[in-house]
Number of protein chains: 2
Amino acid sequence: MNKVKILVVDDEEDLLDLISYNLKKAGYEVSTAINGKKGIELAKRQKPDLILLDIMMPEMNGIEVCEVLMRDEILKQIPVVFLTARGEEEIEVKTLDLGADDFLAKPISTTKLVSRIKAVLRRYKKSEEENPIVEAHGIKIDKIRYIVTVDNTEYTLPKKEFELLFYLASRKGKVLDRQTLLNEVWGNNIYVIDRTVDVHIRKIREKIGDEFIETVKGVGYRFKE
Amino acid sequence: MNKVKILVVDDEEDLLDLISYNLKKAGYEVSTAINGKKGIELAKRQKPDLILLDIMMPEMNGIEVCEVLMRDEILKQIPVVFLTARGEEEIEVKTLDLGADDFLAKPISTTKLVSRIKAVLRRYKKSEEENPIVEAHGIKIDKIRYIVTVDNTEYTLPKKEFELLFYLASRKGKVLDRQTLLNEVWGNNIYVIDRTVDVHIRKIREKIGDEFIETVKGVGYRFKE
DNA sequence: CAAGAATTTTAATACTTCATGAAAAATTCG
DNA sequence: CGAATTTTTCATGAAGTATTAAAATTCTTG
């Protein structure tokens, strides 16, 4: 449940701030670059989930940046959304084959910005997702229905408890420490003390019984194999 | 083994050739029209499975073409994907009302063109394959007549409410989050806050009773299995 | 078996989410 | 056009959830 990372590249600092602020408010992790070169560097280092790229920039424009990205086997996978000013001349529309995922004309409403970005991300949503139904020892954890079944009794756990259980059960036998669980289930950028995990474990056990999750003292928790 | 037919309408012959070439390569049967009027003629004669429509065209623009198509009982069923040049944001809003299925901003890579078209066709096909009558626990939802029957009492729900209910009921047991519901029931390109879903759910419950749709806190809604 | 360390449990508090009512905006239809 | 209906937004409070702190318990090890 890590936050989605977005890289914004624009030479106008004000706009960078504005966009950054709104994307953060919408729950994204944002990094910014003030020119194309820095943008490429950051992209390589961070591997963001989406790049928002201004076309008109001095030195290296957005299209050039995009061309560089496309040459990298990993970076080429990342969806790119272009920002363009209204009235900018067409840039060889017919021959360009850049792989833009969307275009947003400046100025753009923040609502629209966010929802367009959501739409693009949605299209890219990873298909390599975990199997949504985990079964073992008479327990069935169904992420499609958000229902846990133990010996034909159904339980509805609250979101965090369900996701914690699901995460553990998807990795049967593996001991996971608290920090890992926090990172993976809660998300990287959340500030929560690790005792919180204990309490959730306790609540899960309270509901479905304590034979499924084992404690490994000094290390973490493990779903019974 | 009929090929899927796509009609491309654009006034720029080069672009028409480029798109046509790539769609054919992707296994589609392609026909082209160089202006809106010819496009409509061809659509009537051929009944394509999808229409790719440039917005900016002389004489009759893409929006006008679409409006004509919408007046025809048969043609209105065909999904329309718009091609829009950068900076034509305003137009986009209008086309939403027309029931556009997607937007492609020029310039677009041919790979993306094809994959987006595939996505639209997939989505469209799915809805065709849905059984138009869903029954469960004394409720019958009939999409042919747009009537819901609960214990022999008939209800006529407004469009959005009906479609939301139908969508949920067609996926019994599956938890659907608000964003998915918005995308699937409202459409990809619409900007509506997700609390809207809540209100519609409430109206549905108000009318047919609240035993059918369950709330999964923090996740979404689910039709009782 | 006692001390220290780690976990479990309890309980209090802060935080989220959703249902609801009402009103504004958009759409439909006469 | 204008009234009726539908759709969307907004504000609020109640219910449910998550988090923290702290006390009780269990476990480990010398």
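In the text below, chain A, chain B and the rest are named by the order of the sequence lines, each starting its count at 1. Predicted model, so just to flag it, every value in this text is computed and none were measured.
For Lys217(A), whose side chain is taken as the heavy atoms from C-beta onward, the closest listed nucleotide among dT20(D), dC18(C), dT28(D) is dT28(D). Which of dC18(C), dT8(C), dT8(D) sits closest to the side chain of Asp198(A) comes down to dT8(C). Residue Arg178(A) has its side chain nearest to dT7(C) when only dT20(D), dA19(C), dT7(C) are considered. Across dT7(C), dT17(D), dA21(D), the shortest atom-to-atom separation from the side chain of Ile193(A) is found for dA21(D).
Counted within 6.0 Å of NZ on Lys174(A), heavy atoms from surrounding residues, nucleotides or ligands total 12 or fewer; the atom is thus considered open.
Between His200(A) and Thr196(B), the residue whose closest nucleotide on DNA chain D is further toward the 5' end is Thr196(B). Where Arg202(B) and Val199(A) each meet DNA chain C at their nearest nucleotide, the meeting point lying more 5' is that of Val199(A).
One atom, OH of Tyr146(B), and another, P of dT6(D), lie 14 Å apart when rounded to the nearest Å. Whole-Å rounding puts the Ile213(A) CD1 to dT7(C) P distance at 14 Å. A straight line from CD of Glu206(B) to P of dT6(D) spans 13 Å, rounded to a whole angstrom. Between Lys160(B) atom NZ and dT5(D) atom P the separation is 19 Å, expressed in whole Å. Rounded to an integer number of Å, the gap from CG of Asp177(B) to P of dT17(C) is 13 Å. Rounded to an integer number of Å, the gap from Glu214(A) CD to dT26(D) C1' is 17 Å. For the pair Leu164(A) CG and dT19(D) P, the interatomic distance rounds to 11 Å; values are reported in whole Å. To the nearest angstrom, P of dT7(C) lies 19 Å from NZ of Lys203(A).
Among the heavy atoms of the strands lying under 4.0 Å from Arg205(A) are primed sugar atoms or P, OP1, OP2 only; no base atom is included. Residue contacts for Thr215(A): at a heavy-atom cut-off of 4.0 Å it reaches the sugar-phosphate backbone alone, with no base atom in range. Within 4.0 Å of Phe162(A), counting heavy atoms only, lies no atom of the nucleic acid at all. Lys159(B) comes within contact range of the sugar-phosphate backbone alone, with a heavy-atom separation under 4.0 Å but no base atom that close.
Remark: Tyr221(B) is in phosphate contact with dA19(C), judged by side-chain N or O atoms under 4.0 Å from OP1 or OP2. Considering only side-chain N and O atoms, Arg195(A) lies nowhere under 4.0 angstrom from the phosphate OP1 or OP2 of dT19(D). Regarding contacts with the backbone of dA18(D), every side-chain N or O of Trp186(A) stays at 4.0 angstrom or more from both OP1 and OP2. Contact between the side-chain N/O atoms of Tyr191(A) and the OP1/OP2 oxygens of dA18(D) is not found at any separation under 4.0 Å.
At a threshold of 4.0 Å, the pair Lys224(A)-Glu214(A) does not count as salt-bridged, since none of the basic side-chain nitrogens sits closer than that to a carboxylate oxygen. The pair Glu206(A)-Arg202(A) counts as a salt bridge, with a side-chain nitrogen and a carboxylate oxygen less than 4.0 angstrom apart.
Atom-to-atom distance recorded for Arg171(B):CZ and Phe166(B):CZ is 8.0 Å, nearest 0.5 angstrom.
For Lys207(B) and Tyr155(B), the positive end is not near the middle of the six-membered ring at less than 6.0 Å and at most 45° from its axis.
Note on ring orientation: taking the six-membered ring where Trp is involved, the planes of His200(A) and Trp186(A) are perpendicular (angle over 60°, cut-offs 30° and 60°).
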